[in-house]
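Written below as structure tokens is the structure these notes are about.
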Amino acid sequence: QVQLVESGGGLVQPGGSLRLSCAASGNIRSIVDMGWYRQAPGKERELVAEISPGGSAHYADSVKGRFTIARDSAAVYLQMNSLKPEDTAVYYCYADLDLRYSENEDSWGQGTQVTVSS
């Protein structure tokens with residue numbers, strides 16, 4: 001099994017920055033892509049950013065130029081700059097798993113709250 005634990009969320013003013021971290025443990029050899037999703041109240045969970053094992057990254061249009069995703073073999077990070085109130089959400093770390101090495105197709109963190117407000 002793969003366990004993901006997020007940290008780094010909190011309250012920040014508009015224009016500020018936060019860095020989210022996600023530590024993976026367990027059967028990390030099963031991990032393929034990793035990424036971050038977010039969900040605001042009343043809205044669907046949406047993909048914010050994802051990164052492949054080779055480092056190829058993709059971002060939602062709403063965060064391009066402001067957020068940066070990075071990873072190593074056991075962690076993924078999300079640097080969030082120029083934060084806006086509409087970035088307020090619970091952010092979830094995600095790992096896509098290779099079924100050759102895992103009985104589960106994915107793994108999710110518990111979520112960390114990001115609030116952007118004056």
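Since the structure is predicted, the reported quantities are computational estimates derived from the model, not experimental observations.
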Original post:
Is the shortest heavy-atom distance from the side chain of P53 to the side chain of D33 under 4.5 Å?
Top reply: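 Yes, their side chains come closer than 4.5 Å.
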Original post:
Mind checking whether C22 and R71 have side chains closer than 4.5 Å, heavy atoms only?
Top reply: no
**OP:** Just do the side-chain contact (heavy atoms from CB on, under 4.5 Å) check on L11 and S117 with the steps written out, would you?
**Re:** CA-CA 7 Å; L11 175 65; S117 176; 4.2 Å; yes
Which pair of non-hydrogen atoms, one from [X] and one from [Y], has the smallest distance, and what is that distance?
{"X": "V76", "Y": "M34", "value": "CG1-CE, 3.7 Å"}
{"X": "Y92", "Y": "R45", "value": "CD1-CD, 4.4 Å"}
{"X": "A40", "Y": "T88", "value": "CB-O, 3.8 Å"}
{"X": "S21", "Y": "Y77", "value": "OG-CD2, 3.4 Å"}
{"X": "G8", "Y": "L18", "value": "O-CD2, 3.8 Å"}
{"X": "R38", "Y": "S62", "value": "NH2-OG, 3.4 Å"}

Original post:
Is the number of heavy atoms from other residues, nucleotides or ligands under 6.0 Å of Q113 CD greater than 12?
Top reply: yes
Subject >> Greater than 12 external heavy atoms within 6.0 Å of E86's CD >> reply: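 Enclosed.
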**OP:** Would you check, one step at a time, whether the test side-chain contact (heavy atoms from CB on, under 4.5 Å) holds for V2 with S30?
**Re:** CA-CA 8 Å; V2 172; S30 67; 3.5 Å; yes
Answer with yes or no whether the hydrophobic clustering places [X] together with [Y]; edges join I, L, V, M, F, W, Y residues whose side-chain heavy atoms lie under 4.5 Å apart.
{"X": "L20", "Y": "L4", "result": "yes"}
{"X": "V114", "Y": "V48", "result": "yes"}
{"X": "M80", "Y": "V63", "result": "yes"}
{"X": "Y37", "Y": "Y91", "result": "no"}
{"X": "V90", "Y": "L83", "result": "no"}

Give, for atom [atom1] of [X] and atom [atom2] of [Y], the distance between the pair rounded to the nearest 0.5 Å.
{"X": "C93", "Y": "Q3", "atom1": "SG", "atom2": "CD", "result": "11.5 Å"}
{"X": "I69", "Y": "S52", "atom1": "CD1", "atom2": "OG", "result": "10.0 Å"}
{"X": "L99", "Y": "D106", "atom1": "CG", "atom2": "CG", "result": "9.0 Å"}
{"X": "R19", "Y": "T68", "atom1": "CZ", "atom2": "OG1", "result": "11.5 Å"}
{"X": "Y59", "Y": "E50", "atom1": "OH", "atom2": "CD", "result": "10.5 Å"}

**OP:** Mind running salt bridge (Lys or Arg N to Asp or Glu O under 4.0 Å) on D87 and K84 for me, showing each step along the way?
**Re:** CA-CA 5 Å; D87 295 317; K84 304 174 181 180; over 6 Å; no
**OP:** Quick one: do L97 and S107 satisfy side-chain contact (heavy atoms from CB on, under 4.5 Å)? Show the steps, please.
**Re:** CA-CA 7 Å; L97 306 180; S107 181; 4.3 Å; yes
Original post:
When you measure from the side chain of Q39 to the backbone N and O of A89, does any donor-acceptor pair fall under 3.5 Å?
Top reply: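 No, the answer is negative, given that no donor and acceptor are paired below the 3.5 Å cut-off.
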**OP:** Decide whether S17 and N81 meet the rule of one side-chain donor and one side-chain acceptor closer than 3.5 Å.
**Re:**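 Yes, N81 and S17 have a side-chain donor paired with an acceptor closer than 3.5 Å.
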